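To start, the structure under review is shown below, and the notes come after it.
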Amino acid sequence: MPQQFWKPGTDKPRILEDEEGGVVFFAPSLSSASSSSSRFGYASIGSQRQRLPVYKYRTAILYLVETHATTIIVGETGSGKTTQIPQYLKEAGWADGGRVIACTQPRRLAVQSVASRVAEEMDVKLGEEVGYTIRFEDVTNPAATMIKFLTDGVLLREIMDDPLLTKYRYVDSFGSKNLELIWKKLEMVLFCVFPGMVADLLEHIQRRRPELRLIISSATIEAKSMSDFFQTSKKHRGPEDHEFVPRKVPAVLSVEGRGFNVQIHYVVEPVSDYVQATVSTVLSIHDQEPAGDILVFLTGQDDIDAAIQLLAEEAHASRKISSGLIVLPLYSSLPRAEQDLVFSPTPRGKRKVVISTNIAETSLTLEGVVYVVDSGFSKQQFYNPISDIENLVVAPISKASARQRAGRAGRVRPGKCYRLYTEEYFVNEMSSVGIPEMQRSKLVSCVIQLKALGIDNILGFDWPASPPPEAMIRALEVLYSLGVLDDDAKLTSPVGFQAAEIPLDPMISKMILSSNQLGCSEEIITIAAILSIQSIWVSGKGVQKELDEAKLRFAAAEGDHVTFLNVYKGFLQSGKSSQWCHKNYMNYQAMKKVIEIREQLRRTALRLGIVLRSCEGDILAVRKAVTAGFFANASRLEVSDLIFLFPARLEAFSHNGMYKTVRGSQEVYIHPSSVLFRVNPKWVIYHSLVSTDRQYMRNAMTIDPSWLTEAAPHFFQNLRRPDPIAH
DNA sequence: GAGCACTGC
């Protein structure tokens, strides 16, 4: 029914004048438009740098940083701020005498590429004056590095080791100011769990070290609320400090980006089926618009596959339209080789259509996109602290997100964005920034880290977005039951401090710590590494039967955890072979990651004084260690009363696979991907619950119920009393 | 017999 959808080109396109000034698609002069160095083939790096939009603000930025504790720089991508500002600061002397300019980026890849770009511009060897630190990789020289790029997570770990970041502290010969600078991407500050914490923590650090300068790089819309946050948190600090201390009120500076105009088109009527609407829109762009690739935002693999199939059908029906379309899916679980296809240049006379999840919104950039089709939805995680279940659901995106998607059309030349929702909806109904991740997530890891940072009054902590109290209580309860927190909600020694050192979920940390006494630490860190990645198997669609058979070759009667040990052993015996993985329907990339994480855990374990020891096949020890971390996730098979009426038929008819959790008496089932599916042992513990039509336990292991009270006597003793959370 | 938005230590 193409008519029921708005057709691009049939209505006069408009450029949105946004009330919040959110869309700042700036049309620059040609000379500043190109980022390709070939365009400036004869220009020196210096003159290239001067052509970047941020260059005109150089003096202003340096002035503001000099005079303000916090500077917020607002600007679209492409202004050059990421690579240039650290250099300006360095040129102005902020890195003199051993001081360090630290610059965080949300992703590992961004850290690496920005660092090498800056090293190149400064004509220095990466790892000397300019370096970077990401998980598994430290390319810095403490004696020489002046500009250091790092991920939020690494900075968080550094703050944990050194709450006032004193290791960056510079005491110059005059004994005056110690300066350094942390550069933080604000969009991550507001939307992510850990980065949100990082911003708060930096604010805390600033209170005690007013000389520390903070520059926050922000997308337009969040700047004001962030500025308010820094301002109000500092209001209660008493009398103003004396004159050479920087001003507390943050400075805000806008820098235009280098994107092109993007015309925004809205549908006239709301669409009922965005997959169908996507397909109609793509076909009509292809039919009516000049060359240029199309980027479509849908929610997940299912949508994407459905759209591709529908597109193939409709394109087939009208042969004229279909010629020249190259349709490609893009999502993170897609095998690497298929992902790379989206980056290959579009052949002349063809048009590439990339149908993507949110991965293309921020994580990776496609060149050549001129048209964006925005469904208005994405998958978002929600956490229910009452049931303790994390759920991935399709939800409407925010205005901030819609702008980010639209901006993807204006990277190479003026583009168009087709929004599959009405303008009225965008203006009046779409929320401006969405629910902060802090309010949609489990808080156990977050709480243990705050505790480790010495912030004990968590309920009174000055969050930019307070998490729900139920989630907070649930997190404190879990940590208490693990023995990580004591009666005063302080980290216990040594268990609490050790668990905080391990960069994984506290239940996994506890499992690792317990393996020390049980003599199976080698096996347990293998299990921990595998549990902390998505899946070691290849995606099952189309090869389900083969995948199941492959799994059977490794399956252990004790369940998935022990099965993982068999898989890992096989992988090592194959010489970590990619062919072996292929043959066994395992994801080679995932296995390589397991090896990496395992190595890191080994090092962490050694640092914590854990003796690395194999139990040499004593699987009982392994199961007890797993239980020591995951006792709270125990569940018991519900056996029907029929068992007493028809004892002879016990095996076949006594149950329907339903379990009840010990913790909250919730109905749960073993996930079909588990090796224990249909086996249904009487007692299991699981790693996590996923919720679809039913509650499924993912990664289950058989236990003896007596281990539960052995592992956590207090926890199970308390359960006999009415549980306030269970209702 | 089901289904996995996306980061990060």
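Quick caveat: nothing in here was measured; it's all calculated off a predicted structure. Chain A is the first sequence line, chain B the second, and so forth, proteins listed ahead of strands; every chain is numbered from 1.
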Have a look at A:I597 and say if it touches a base, only the backbone sugar-phosphate, or nothing, with a 4.0 Å heavy-atom cut-off.
-> nothing
Options B:dC4, B:dG3, B:dC9, nucleotide nearest the side-chain atoms of A:T151 = B:dC9
Partner residues of A:Y696 under the ring-ring contact (aromatic ring centres under 6.0 Å, His included) criterion, sequence neighbours left out = A:H671
Which listed nucleotide (B:dC9, B:dA2, B:dC4) is nearest to the side chain of A:S673?
-> B:dA2
Between C1' of B:dG8 and CG of A:D505, the distance in whole Å = 14 Å
Can you tell which of B:dC4, B:dG1, B:dT7 lies closest to the side chain of A:T692?
-> B:dC4
Rounded to whole angstroms, how far apart are CG on A:D138 and P on B:dC9?
-> 12 Å
Given atom CD of A:Q339 and atom P of B:dC4, what is their separation to the nearest angstrom?
-> 18 Å
Would you mind reading off the distance between A:I533 atom CD1 and B:dC9 atom P, rounded to a whole angstrom?
-> 15 Å
Looking only at B:dC9, B:dG1, B:dA2, the nucleotide nearest the A:L504 side chain is B:dC9
Value in whole Å for how far the P atom of B:dC6 lies from CD of A:E361 | 12 Å
Flag the pair A:R698 and A:D560 as a salt bridge only when some basic side-chain nitrogen lies within less than 4.0 angstrom of an acidic carboxylate oxygen.
-> no
Between A:F677 (CZ) and B:dG1 (P), how many Å, whole number?
-> 6 Å
Rounded to whole angstroms, how far apart are CD on A:Q105 and P on B:dC6?
-> 20 Å
Have a look at A:Q380 and say if it touches a base, only the backbone sugar-phosphate, or nothing, with a 4.0 Å heavy-atom cut-off.
-> nothing
Whole-Å distance between B:dC6 C1' and A:Q381 CD?
-> 10 Å
So does A:Q544 reach the base of B:dA2 with its side chain, donor to acceptor, closer than 3.5 Å?
-> yes
Distance check: side-chain N/O of A:R108 vs OP1/OP2 of B:dC9, anything under 4.0 Å?
-> yes
For A:D693, which residues count as a salt bridge (Lys or Arg N to Asp or Glu O under 4.0 Å) partner, sequence neighbours excluded?
-> none
For A:P503 and for A:G300, locate the closest nucleotide of DNA chain B by heavy-atom distance; then report the residue assigned to the nucleotide nearer the 5' terminus.
-> A:G300
With respect to the phosphate group of B:dC6, does any side-chain polar atom (N or O) of A:S332 fall under 4.0 Å of OP1 or OP2?
-> yes
Between B:dG3, B:dC9, B:dA5, which nucleotide gets closest to the side-chain atoms of A:Y696?
-> B:dG3
Please determine, by modelled atom types, if A:Y132 and A:E137 share a side-chain donor-acceptor pair under 3.5 angstrom.
-> yes
May I ask you to verify if any side-chain N or O of A:T357 is less than 4.0 angstrom from the OP1 or OP2 atom of B:dC6?
-> yes
Select one nucleotide: of B:dG3, B:dC9, B:dT7, the one nearest the side-chain heavy atoms of A:D693.
-> B:dG3
Between A:N358 and A:I502, who's closer to the 5' end of DNA chain B by nearest nucleotide?
-> A:N358
Close side-chain approach of A:V444 to A:C446, heavy-atom, < 4.5 Å = no
Which nucleotide in the list B:dA2, B:dC9, B:dC6 gets nearest to the side chain of A:I359?
-> B:dC6
Evaluate whether atom CD of A:E596 has more than 12 neighbouring non-hydrogen atoms of other residues, nucleotides or ligands under 6.0 angstrom away.
-> yes
